[in-house]
Every structure is written in C-alpha cells, then in structure tokens.
Amino acid sequence: MPDTQPIRARASKAARLRALLAGTSVARAVGAHDGLTAKLVQRARFEAVWASSFEISASHGLPDASLVTMTQYLDAAIAMDAVTDIPVIADCDTGFGGPMNASYAMQRYERAGIAALCIEDKLFPKINSFANAAQDLLPIEDFALKLKNIKEVQSDPDTVLIARTEALIAGHSVGEALERAHAYVAAGADAVLVHSKSRRPEEVLEFASRWQSPVPLVAVPTTYNTVTESELYDAGYRLVIYANQGLRAAVKGMQEVLRDLGGADRAAEIEERIASMAEVFALQGMPSTFHTKP
C-alpha cells in the first residue's frame, strides 16, 4: 500500500519540534540522506529526521569534510522534508563558511520549510568529528557572532537553531565546553548539542549536571552507545540523535548481499534477504493501478 499519511503544513513542523524539546520524554532523531531513508525513519516511529552531513557526503561517495556544497545539502533536506510528516533537523556543519554564509543558509533553509538548523563551532572547512585528524575550533566570540547573525535574519520564530560545541571532540575539558555552550545560548541558540567521542557517557552526563540554563540539551550517542535514552533524559538531554546507524546498516547489508550475489550464479540465492519490489513500491507511494486512456 502507498504511504498515504497526510503531510502537514511545513510551518508547523518547527513548532512541533519545539514542543518535542519541551516534552516529558526524550525525542529521537535518526540520520538520513535522502527521501527514502527519511521515510524509513518516520515509518520506524522516530520523532524527527537528522539530515546528516556525514550520510549525505557518504551518499556522494565523498568524505565528510566540507566538500559537498550547501545547495547539495539543502536539496537533500528538502527531499526528506517533502515526503515525511516529521520535523527535519539539518546538519549544517559550520554554516558553510563565515557569518554571512551561515546567515544565508538560515534564509535558504527557512524558505524551504526546514524545522531546525544545527551549526558547529569548528573552523571551516571541517572534518568529521570521528576522523583521525586535528579538530580546530573557532574562538568563542567568533562563533557567538555567527549565531547572532543567524538569529538576526531568522524569519520564523519557531525555527530551531541548535548550537553544537565540539570542545570535547577537540580534547578540551567539560569546563571549556560549558563556557562555550553558555556563550552560545547568550547569542541566541535555542538548543545546545554537546558532542563527544568518548566510549563512555560520563563526560556528557557531567556536562548536563553542570548545565545552568533552561535551554534543552542534545546528545549524539554514537560512541558512548551503552547509555539509555531515559538516562540521558534524566540528566537533562531532550533530544537524542542516532546520527549514522541507518547508513552503516545499509552499507553492511549491501556489502554482504552483493558479495554473496557475486558468487551465487543466480539472483534467487539472495532473494529472501532483500526487500520485495512491493515493499519498495509502497515506500515510493507507487499507485497500485495505473489508468490509461482507451
């Protein structure tokens, strides 16, 4: 059956995301890179889509290193938003450059109806947070200025601006991360994402225990994946982003099936391990019948 769930007005998605951030349970977003993966996120009953720069870059066969353009990222986010009824949170890396670039991004994404933008405090061009490379940060004042410029051009008061600090990724202390995050809230951030590549959740939990603001916190438990959603919520995190698990599952699954197909001599050997055409038709919204002129 086609996916017939009605798509609500885009203007309401940002407001619904704000309501989720103020809710009594943790909201969950999952990474996607196109309309099909965004539909799968919604069908799995997650509350939001994370338009992941890592996934979008990977879908182009490129490193997550500011190689994909803002237009390409925006087109991907628009495709996700057009076929889902849940908010899309756009991972906008460093804002695609300086303060003017970031402000322009806000204008373009808002015009397209995207519910939220997330901007991180690394230097442009950035490199993925988990890459074995130096992670250089903007001075606090420079990133705060970028956030202020973004808020000045924001036209919809419901659009959510998430400020992401990479202080822990760069090897700085929890105190440094807190100083940055509080400055970003003062500059207008609506939520704060504190990123970590620790294998354990202690530093993000310590961050939350020392957080002195009503502004909601966002966690990305990619490496500290033993922490539970309830533990994060109790600590003060209101949004949990599973940023890349879908893509990683797809890569592993395709690698295994294609490897076995290559040695099988016939397609029937892998048929039970792949989705049926009917399942894909349903995701596409393919009509069950076509009407043609006599």
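Transitive grouping of hydrophobic side chains (ILVMFWY, heavy atoms separated by less than 4.5 Å) brings L161 and L217 into a common cluster. The hydrophobic cluster containing F207 also contains L232, counting ILVMFWY residues as joined when their side-chain heavy atoms lie under 4.5 angstrom apart, directly or transitively. Hydrophobic clustering, with ILVMFWY side chains joined whenever heavy atoms are under 4.5 angstrom apart, groups L138 together with Y184. Residues V26 and V30 are members of one and the same hydrophobic cluster, defined by side-chain heavy-atom contacts under 4.5 angstrom among Ile, Leu, Val, Met, Phe, Trp and Tyr. Residues L123 and I169 do not share a hydrophobic cluster, clusters being chains of Ile/Leu/Val/Met/Phe/Trp/Tyr side chains in contact below 4.5 Å.
Of all heavy-atom pairs between R180 and I140, the closest is CG-CG1, 3.5 Å. The minimum heavy-atom distance between S198 and R200, with the atom names listed, is OG-O, 2.9 Å. Minimum heavy-atom separation, D85 to R16: O-NH1, 3.0 Å. The nearest pair of heavy atoms linking A191 to V215 is CA-CG1, 3.5 Å. For the residue pair S52 and G31, the shortest heavy atom distance occurs at CB-CA, 4.4 Å. Closest approach of A167 to E176, counting heavy atoms only: CB-CG, 4.1 Å.
The shortest side-chain heavy-atom distance between R248 and T222 falls under the 4.5 Å cut-off. By the 4.5 Å heavy-atom criterion applied to side chains, D190 and K151 are counted as neighbours. Residues L239 and I89 are in side-chain contact: their nearest non-hydrogen atoms beyond the backbone lie under 4.5 Å apart. Contact annotation: the side chain of V240 approaches that of P221 to within less than 4.5 Å [non-hydrogen atoms, C-beta and beyond]. Between W211 and V185 the shortest side-chain heavy-atom distance falls below 4.5 Å. The shortest distance between side-chain heavy atoms of F143 and I119 falls below 4.5 Å. Counting only heavy atoms from C-beta outward, the side chains of I56 and M80 approach each other to under 4.5 Å. Contact of the N101 side chain with the M70 side chain is not registered, since no non-hydrogen atoms from C-beta on lie closer than 4.5 Å.
The existence of a salt bridge linking K13 and D158 is excluded, since no basic side-chain nitrogen approaches an acidic carboxylate oxygen closer than 4.0 Å. Salt bridge E152/K148: absent, no basic N to carboxylate O contact under 4.0 Å. Electrostatic pairing of R266 and E269 counts as a salt bridge here, judged by a charged N lying under 4.0 Å from a carboxylate O.
Between the side chain of R18 and the backbone N or O of T159 there is at least one donor-acceptor pair closer than 3.5 Å.
Taking the ring axis of Y233 as reference, the NZ or CZ atom of R238 stays within 45° of it and closer than 6.0 Å to the ring centre.
Donor-acceptor pairing under 3.5 Å is recorded for the side chains of S129 and R164. Of the N and O atoms on the side chains of T71 and T69, not one donor lies less than 3.5 Å from an acceptor on the other residue. For the residue pair S196 and E203, a side-chain donor N or O sits within less than 3.5 Å of a side-chain acceptor on the partner. Counting only N and O atoms by type, the side chains of K252 and Q255 include no donor and acceptor under 3.5 Å apart.
Atoms CG and CG, on L205 and D234 in that order, are 10.0 Å from each other to the nearest 0.5 Å. The structure places CG of L261 at 8.5 Å from CD1 of I274, a figure rounded to the nearest 0.5 Å. For the atom pair OG1 (T84) and CG (L40), the distance works out to 11.5 Å, reported to the nearest 0.5 Å. A distance of 13.0 Å separates CE of M100 from CD1 of I150, quoted to the nearest 0.5 Å. Note that OG of S103 and CD of Q154 are 11.0 Å apart. Values are rounded to the nearest 0.5 Å. With values rounded to the nearest 0.5 angstrom, N128 atom CG is found 6.0 Å from F54 atom CZ.
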Audit row: N149, M106, side chain to side chain contact (heavy atoms under 4.5 Å, CB included) steps and yes/no: CA-CA 10 Å; N149 284 15; M106 170 59 87; over 6 Å; no

Using side chain to side chain contact (heavy atoms under 4.5 Å, CB included), reason through D93 and D64 one step at a time and then give a plain yes or no. CA-CA 9 Å; D93 289 344; D64 181 19; 4.2 Å; yes

Using the rule given for side chain to side chain contact (heavy atoms under 4.5 Å, CB included), can you reason through Q42 versus V49, listing the C-alpha separation, both sets of side-chain angles and the distance that settles it, and then say yes or no? CA-CA 8 Å; Q42 176 169 318; V49 175; 5.8 Å; no

Under the side chain to side chain contact (heavy atoms under 4.5 Å, CB included) rule, what do I241 and L193 come out as? Steps first, then yes or no, please. CA-CA 10 Å; I241 299 173; L193 189 161; 4.0 Å; yes

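Here the rule is side-chain hydrogen bond (donor to acceptor under 3.5 Å, both in side chains) with Q135, and of E166, K122, E120 only K122 fits it.
Around OH of Y242, the count of heavy atoms belonging to other residues, nucleotides or ligands within 6.0 Å exceeds 12. Atom CG of D265 has 12 or fewer neighbouring heavy atoms from other residues, nucleotides or ligands inside a 6.0 Å radius.
If you look at H195 and F130, their ring centroids are closer than 6.0 Å.
Scanning for side chain to side chain donor-acceptor pair (under 3.5 Å) contacts around S57 gives Y73, with sequence neighbours left out.
Using cut-offs of 30° and 60° on the angle between ring planes, the pair Y109 and F96 is parallel.
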